[in-house]
Number of protein chains: 2
Amino acid sequence: MREIVIGGAQMGPIQKADSREAVVERMIALLKQAKGAGCDLVVFPELCLTTFFPRWYMEDPAEVDFWFEREMPNGATKPLFDAAKQAGIAISFGYAELTPEGQHFNTSILTDREGNIVGKYRKVHLPGHSEFDTERAFQHLEKRYFLPGDLGFPVWRNMDALMGMCICNDRRWPEVYRVMGLQGVELVMLGYNTPSVNSQMADEGLEKRLYHSDLSMTAGAYQNSTWVVGVAKAGDEDGHPLMGGSIIVDPNGYVVARAAGEGDELIVHACDMDACNFGKSTIFDFARHRRIEHYGRICSQTGVERSA
Amino acid sequence: MREIVIGGAQMGPIQKADSREAVVERMIALLKQAKGAGCDLVVFPELCLTTFFPRWYMEDPAEVDFWFEREMPNGATKPLFDAAKQAGIAISFGYAELTPEGQHFNTSILTDREGNIVGKYRKVHLPGHSEFDTERAFQHLEKRYFLPGDLGFPVWRNMDALMGMCICNDRRWPEVYRVMGLQGVELVMLGYNTPSVNSQMADEGLEKRLYHSDLSMTAGAYQNSTWVVGVAKAGDEDGHPLMGGSIIVDPNGYVVARAAGEGDELIVHACDMDACNFGKSTIFDFARHRRIEHYGRICSQTGVERSA
């Protein structure tokens, strides 16, 4: 038994006018709640220090850079790191990263229980588009403001478990879980900001969007025998609704904890990392069953190539 | 609108003593029922001409070869091909194939509406083991009796749609759907013989096993924007229960038809191949979103390699 009590710290909406300091206060309140619930590790959402700014079209680079962090921790987030260290709780959260070289990434980090950053991930699968799209009900400009991640999908040993991260739209791509699965991952952490409405299909509806979110994470968990924790930023941000649906998924693909609302809300589950062992050694014993000689297209070909 | 009315012809148990001729009679009865329901295409299960013989440990090669077909069609299956041609219905079904070179495969074929074989697939992901396993509640000797398939995951144009096949345990591997998705697949057909009991975990239970079957097929459908038709051989074969749960899944990952029982049973759905277009051109527009530079492990590495 290698038990890690994990908290998924869903966050309610963050308005454009809200300061990072005010957001960090909310995160610390969730952290205190997690301490009370016995959590060892708390996962916060994607881009959780600000509103989901890629919905806004901006041309002025200075206006864009306002939403990015030049270092981590920084003045605004130092109190969060301090609180986590004091509580002895490892944390993971997402933010917009501006590197010293001027590169922009959609990033998440992982700390140990002493508040040291032990892992960094940069979002690989950026959804949306890069120019103003007059045909969409609203904009989703991640391809405008971020570069695709350049760190791959690493796995780190932390708290005696193998942990990896991905972000939002990454969760819909089975390649993501598999690349981590091939490194023995036991816990995949991810945050998301997912609009409640499909900007290209108005009648899709929230229920279907939650189903697709669940489906991707439960399949990724089952097919790689790993825990998956997916945490939303939810609710109405300046008139733009984001879905909730934060979940913790066990290595059999079952949802064991689920957020009920669209506000700041902690979900908790005691996750035994040894629960990954059965699947990894039987039906998903990759060494015994995978046949890479037939997978070539996955790595050699980006888009569809029709031969028939 | 490119509508194909598809029948999933689930089959009840086939006992060891049942002849191929008797089984083909049952298949023809299902085909007639499909004709009455307006079907254009009917999908039958894996290894559907005989009992699921890999549960029996055999040492005598002649005893093994009894379960294999040396040509297709052959005397026993000719009436099925004739009936399909007469009805103008394309069919797909699975059988144990013995090649002229003496190779053994777990195979499925696809015909056009004139009864011509237009596609052949050989199962790649063989589950189970090759030697008698005293620790299992029962044997699952596919690795003993079959070679891994050597044809990859081709996609064929048939009835103005792009069609592919896989078999049983293949359905749990996201690589399978993705390799076909990268060829633009619009319909994945598969049959299975899945024991109702996990031979290595007695308390897993039928409900969980049906969930995993659904989960794998619905995720594969959604993540590749393709129809998936999964058809069981079900019921009690000489004391060994096989699960049912045959389903037709739409390109949004929703189950639109499901078998109710564990006997011979036809499920039917009018499947519009154009329903694949939206997903393939937006969220799963592979050319725009996939990042193959980070997928290398999937094709270069068979088993888990821990670096952390």
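The chains referred to below are lettered A, B, ... by the order of the sequence lines, with proteins before strands, and numbering in each begins at 1. Since this is a predicted model, take the numbers as computed values, not measurements.
Contact detail for A:Leu162 and B:Ala308: the closest heavy-atom pair is CD2-CB, 3.7 Å.
With a 4.5 Å cut-off on non-hydrogen atoms, A:Ile298 touches chain B through its backbone and its side chain both. With a 4.5 angstrom heavy-atom cutoff, B:Leu215 touches chain A via backbone and side-chain atoms both. For a residue to count as touching a neighbouring chain, one of its non-hydrogen atoms must lie under 4.5 Å from one of that chain's; by this rule B:Trp156 touches chain A with the backbone only. Of the two parts of B:Asn158, neither the backbone nor the side chain holds a non-hydrogen atom closer than 4.5 Å to a non-hydrogen atom of chain A. Looking at B:Lys208, the atoms closer than 4.5 Å to chain A (heavy atoms on both sides) sit in the backbone and in the side chain alike. Both the backbone and the side chain of A:Ile283 come within contact range of chain B, judged by heavy atoms closer than 4.5 Å.
Taking the six-membered ring where tryptophan is involved, the planes of B:Phe153 and A:His294 are perpendicular, since the angle between them exceeds 60° and thus also 30°. Using the six-membered ring where Trp is involved, B:Trp173 and A:Phe284 have ring planes that are perpendicular, over 60° apart on the 30 and 60° scheme. Ring pair B:His125/A:Tyr295 is parallel by interplanar angle, where below 30° counts as parallel and above 60° as perpendicular.
At distances below 3.5 Å, not a single donor-acceptor pair connects side-chain atoms of B:Arg306 with backbone N or O atoms of A:Gly184. With hydrogens and angles ignored, the 3.5 Å screen pairs a side-chain donor or acceptor of B:Gln301 with a backbone N or O of A:Leu182. Distance alone, capped at 3.5 Å, is enough to place a donor-acceptor pair between the B:Gln223 side chain and the A:Arg172 backbone.
Exactly one residue among B:Arg178, B:Arg291, B:Arg297 makes a salt bridge (charged side-chain N to carboxylate O under 4.0 Å, His left out) with A:Glu175. That residue is B:Arg178.
Interface summary for chain A: among B:Pro148, B:Pro154, B:Gly128, the most heavy-atom pairs under 4.5 angstrom belong to B:Pro148. Counting heavy-atom pairs closer than 4.5 Å to chain A, the top residue among B:Met163, B:Lys143, B:Glu204, B:Glu293 is B:Lys143. When each of B:Pro127, B:Gly220, B:Ala287 is checked for heavy-atom pairs under 4.5 Å with chain A, B:Ala287 comes out on top. The greatest number of non-hydrogen atom pairs below 4.5 Å with chain A, out of B:Glu305, B:His212, B:Met201, is found for B:His212. When the candidates B:Ala219, B:Pro174, B:Gly152 are compared by the number of heavy-atom contacts under 4.5 Å with chain A, B:Pro174 comes out ahead. Put simply, of A:Tyr177, A:Phe286, A:Tyr222, the one with the most heavy-atom pairs under 4.5 Å next to chain B is A:Tyr222. Between chain A and the options B:Thr282, B:Asn252, B:Val155, the largest number of non-hydrogen pairs under 4.5 Å is found for B:Asn252.
The line from CG of B:Asp285 to OG1 of A:Thr302 is 11.0 Å long, rounded to the nearest 0.5 Å.
Checked against the 6.0 Å centroid criterion, the rings of B:Tyr211 and A:Tyr254 qualify as a close aromatic pair.
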